[in-house]
Amino acid sequence: MLIFVLLLLCSIVRADPLFVDRTLEAGLEREVVNGGPDKQFILESTGSGAAFFDYDNDGDLDLYAVNGSTYDAYGAGPGNALYRNEGRGVFSETVAGVEDRGWGVGVAVGDYDGDGYRDLYASNYGANILYRNVADGTFVDVSLQTGVAGEGFSASAAFFDYDLDGDLDLYVANYVVFDIEPLLQDPELQDPCIYLGGLRVFCGPQGMEGGRDRLYRNDDGSFTDVTLSSGVATANFNFGMGVVPEDFDGDGDLDLFVANDETPNVLFRNDGDTAGTNVRFVDIAVEAGVAYNGDGEVESGMGVDAGDGDGDGDADLYVTNFDGETNTFYENLGDGTFADVTAQSGLAAPTVSFLGWGARFFDFDLDGDLDLFAANGHVYPQVDETSAGGRYGQRNQLFVNAGAGVFTAVDGGPGFTVEKSSRGTISGDYDQDGDLDLYITNIDDSPTLLRNDGALGNYLAVQLQGAGANRDGLGARVRLTTGGRTQTRTVNGASSYLGHNDTRLYFGLHKNGRVEQVEVTWPDGGVTRIADLPANRLLVVRRDDGYAVRYLGETGQAEVE
């Protein structure tokens with residue numbers, strides 16, 4: 001077995017470039033602003049996110065980039081930006097009514113009104129904004145009419161159908177209760193805290209009041225705040241950061257994991273019935289083994305992703321944490337519990353000296369198992385003044401899966417040589433070449449667009465077209481079998497940190513030229529099975545069991561109907 005693993009690693013770690021930085025060539029060099037250079041307050045530390053999504057329904061991925069502000073320019077900051085994909089690896093900024101100039105943090109994407117066009121939800125410091133896509137290339141702010149504006153310091157958000165009624169509900173994680181105005185008006189209140197080596201840094205989140213996460217139920221295009229009645233309020237007052245919906249227990253409805261900073265993580269088990277009338281969420285994180293790490297310690301959860309890292313058919317968890325802690329890999333044991341297998345998975349030593357944010361499970365080399373990416377960067381610029389506590393700008397990390405959930409850190413190529421203070425991370429095939437690329441936001445710096453040039457195998461991309469308002473089939477589970485081996489993925493755009501990922505699923509086929517079967521289990525329980533498909537295609541599956549096989553980027557006649 002050891003010889004096999006070594007041979008596999010040798011076949012993957014080669015001199016050819018894996019990821020290449022294409023930020024400038026793509027026209028995405030606009031800097032992300034988050035306060036001043038010294039980071040006096042916690043608001044300046046969290047960064048902002050982004051979204052890959054097809055806003056104009058032309059078949060390729062556009063990009064929404066969230067931006068923060070400075071205190072002097074609050075309300076008149078650089079603004080968020082929507083970039084249209086022009087093909088050929090190039091984006092152009094377009095004015096579409098989504099250029100909020102407040103203090104942006106995160107973003108979620110979903111067709112909340114079921115009109116066939118994807119809408120945007122921007123989470124902010126201050127009121128959040130729901131932008132309705134009006135299908136003419138522009139958006140309108142419907143936050144107040146729909147009841148989801150909120151108020152506070154929000155972080156990650158997720159659209160998902162928790163009550164199985166066919167439309168998309170919304171969960172919003174909130175970080176801390178924080179008001180900057182008194183601090184700016186009275187300098188005596190600006191009392192810094194002490195970090196390693198005697199550094200004077202901003203305070204928090206410890207000693208601050210935790211934010212109140214919110215769950216909004218979609219009621220025919222407007223939303224009702226069901227935080228109290230659903231049970232999610234029982235876990236409030238945590239420092240909410242990353243969010244991922246997933247059916248962790250395999251009972252057919254979506255549960256929810258929330259990564260919390262310096263407070264226990266939360267795993268909400270969905271105890272709803274099939275009619276969606278008595279949905280209750282119960283926090284089972286302690287008994288499930290994901291509230292703390294394996295040593296029973298609270299960690300500083302930032303980002304999170306769910307994926308079948310060990311190839312056994314259920315969803316595991318990967319949570320990024322502060323430096324001095326490891327990022328944590330929780331293996332789903334299939335009985336409602338998880339085990340911290342960070343050390344056994346090879347992910348402890350490589351991550352303990354980094355401060356992690358964005359996290360993605362993705363099969364970057366198309367060999368049939370899920371690899372891992374982690375975005376890194378410190379919160380205190382002052383750490384560069386001492387040898388203790390790491391560096392402010394850090395390189396990001398790529399971990400290749402050698403099989404059965406054992407990971408090895410590898411050189412990601414020239415795109416991984418940059419050292420910035422990274423935050424949000426999203427994945428998507430922006431150039432439509434069959435592999436997943438990465439976009440990373442960097443605090444007070446230009447972003448990083450990493451084009452994947454390291455794929456070794458064939459692929460099948462799967463795009464779902466759900467019935468009703470859930471147009472992307474969020475929550476559907478897809479199983480693909482090729483060469484006698486089965487891979488499992490869930491359609492979900494919300495994971496990592498502060499962002500939204502491409503909802504198309506990319507399965508690596510290694511050297512297999514055909515797919516034996518694709519099985520889709522829809523959120524309503526229906527199952528679609530399609531057999532004998534060619535490799536290196538896009539499979540579009542409709543809820544009515546219709547499907548088409550196309551080349552990526554093709555708009556003409558499908559090969560199979």
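All residue numbers in this chain count up from 1 along the given sequence. The basis for the numbers below is simple: all heavy atoms, side chains too, and nothing from hydrogens, waters or symmetry mates.
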task = Classify the ring geometry between F19 and F362 as parallel (under 30°), tilted (30 to 60°) or perpendicular (over 60°).
result = tilted

message = Looking at every heavy atom in both V105 and V66, which two are closest together, and how far apart are they?
response = N-CG1, 3.5 Å

message = Between R471 and G116 (side chain of the first, backbone of the second, donor and acceptor by atom type, cut-off under 3.5 Å), is there such a pair?
response = yes

key: Spatial distance of atom CG (D367) from atom CG (N401) [nearest 0.5 Å]   = 7.5 Å

ask   = When you measure from the side chain of D247 to the backbone N and O of D251, does any donor-acceptor pair fall under 3.5 Å?
value = yes

Salt-bridge present (R479, E519; N to O < 4.0 Å) = yes

ask   = Parallel, tilted or perpendicular for Y330 and F338, by the 30°/60° rule?
value = perpendicular

message = Closer than 4.0 angstrom, basic N to acidic O: yes or no for R543 and D524?
response = yes

key: E246 side, atom CD; F160 side, atom CZ - distance, nearest 0.5 Å   = 12.0 Å

ask   = Does D305 pair with R360 as a salt bridge, N-O distance under 4.0 Å?
value = yes

query = Given R118, which of N133, D472, D111 fulfils the side chain to side chain donor-acceptor pair (under 3.5 Å) condition?
reply = D472

key: Member of Y497, F416, Y439 meeting the ring-ring contact (aromatic ring centres under 6.0 Å, His included) criterion with F373   = F416

inquiry  = Under 4.0 Å between a side-chain nitrogen and a carboxylate oxygen: does that hold for R269 and D283?
reply    = no

ask   = Under 3.5 Å, is there a donor-acceptor pair between the T486 and T481 side chains?
value = yes

For A359 against T320, the heavy-atom pair lying closest together = CB-CG2, 3.8 Å

query = Is the distance between the ring centroids of F281 and Y162 under 6.0 Å?
reply = yes

task = With rounding to the nearest 0.5 Å, note down the distance linking CE in M241 to CG in N321.
result = 10.5 Å

ask   = Without hydrogens or angle criteria, can the side chains of S154 and N124 be said to hold a donor-acceptor pair below 3.5 Å?
value = no

request  = Over 60° means perpendicular and under 30° means parallel, so classify the ring planes of F407 and F361, tilted if in between.
outcome  = tilted

task = Specify whether F159 and Y121 have parallel, tilted or perpendicular ring planes, treating 30° as the upper limit for parallel and 60° as the lower limit for perpendicular.
result = perpendicular

inquiry  = Distance alone, cut at 3.5 Å: any donor-acceptor contact between the side chains of R489 and Q487?
reply    = yes

message = Please confirm whether the ring centroid of F507 lies under 6.0 Å from the ring centroid of Y459.
response = no

request  = Please name the pair of heavy atoms, one in A50 and one in L63, separated by the smallest distance, quoted to 0.1 Å.
outcome  = CB-CD1, 4.3 Å

task = For a ring-ring contact (aromatic ring centres under 6.0 Å, His included) with H378, tell me which candidate from F322, F354, W357 qualifies.
result = F322

task = Evaluate the side-chain proximity of T351 to D323: yes if any heavy-atom separation is below 4.5 Å, no if none is.
result = no

task = Can you measure from CZ (F399) to OG (S345) and round to the nearest 0.5 angstrom?
result = 11.0 Å

request  = Would you please say whether a donor-acceptor pair under 3.5 Å links the side chains of N492 and T490?
outcome  = no

query = Just wondering, do T441 and S422 contact through their side chains at under 4.5 Å, heavy atoms?
reply = no

ask   = Is the backbone N or O of L267 less than 3.5 Å from a side-chain atom of D255, with the two atoms forming a donor-acceptor pair by type?
value = no

query = Between Y318 and F329, what is the ring plane arrangement, given parallel below 30°, perpendicular above 60°, and tilted in between?
reply = tilted

message = Taking the basic N atoms (NZ, or NE/NH1/NH2) and the acidic carboxylate oxygens, is any pair closer than 4.0 Å for R214 and D225?
response = yes

task = Kindly give the heavy-atom pair with the smallest separation between V243 and A173, and that separation in Å.
result = CG2-CB, 3.7 Å

message = I'd like to check D435 versus Y506 (side-chain heavy atoms, cut-off strictly below 4.5 Å). Are they in contact?
response = no

inquiry  = Please find the pair of heavy atoms, one from G415 and one from V418, that lie closest to each other, and give the distance.
reply    = O-CG1, 3.7 Å

task = Measure the spacing between OG of S123 and CG of N174 and express it to the nearest 0.5 Å.
result = 8.5 Å

Heavy-atom side-chain proximity of D271 to V279 below 4.5 angstrom = no

query = Is a salt bridge present between D56 and R84, judged by a nitrogen-to-oxygen distance below 4.0 Å?
reply = no

message = Can you classify the ring geometry of Y131 versus Y64 as parallel (below 30°), tilted (30 to 60°) or perpendicular (above 60°)?
response = perpendicular

key: Closest approach of A494 to A158 (non-hydrogen atoms, all atoms of both residues)   = CB-CB, 3.4 Å

query = Can you check whether V286 reaches I284 side chain to side chain, under 4.5 Å on heavy atoms?
reply = no

key: D261 (side chain) donor-acceptor with G301 (main chain) under 3.5 angstrom   = no

Reported CG-to-CG distance for the pair D437 and L450, which is rounded to 0.5 angstrom = 8.5 Å

message = Using a strict threshold of under 4.0 Å (side-chain N to carboxylate O), is an ion pair present between D445 and K420?
response = yes

query = Looking just at side-chain N and O atoms, do E299 and T328 make a donor-acceptor pair shorter than 3.5 Å?
reply = yes

ask   = Would a 4.5 Å heavy-atom cut-off, applied to side chains only, mark P245 and L256 as touching?
value = yes

task = Check whether the ring centres of Y117 and Y112 lie less than 6.0 Å apart, and answer yes or no.
result = no

ask   = Any donor-acceptor pair under 3.5 Å linking the side chain of N396 with the backbone of N376?
value = yes

ask   = Around R30, counting heavy atoms of other residues, nucleotides and ligands shown, do more than 12 lie under 6.0 Å from its CZ?
value = yes

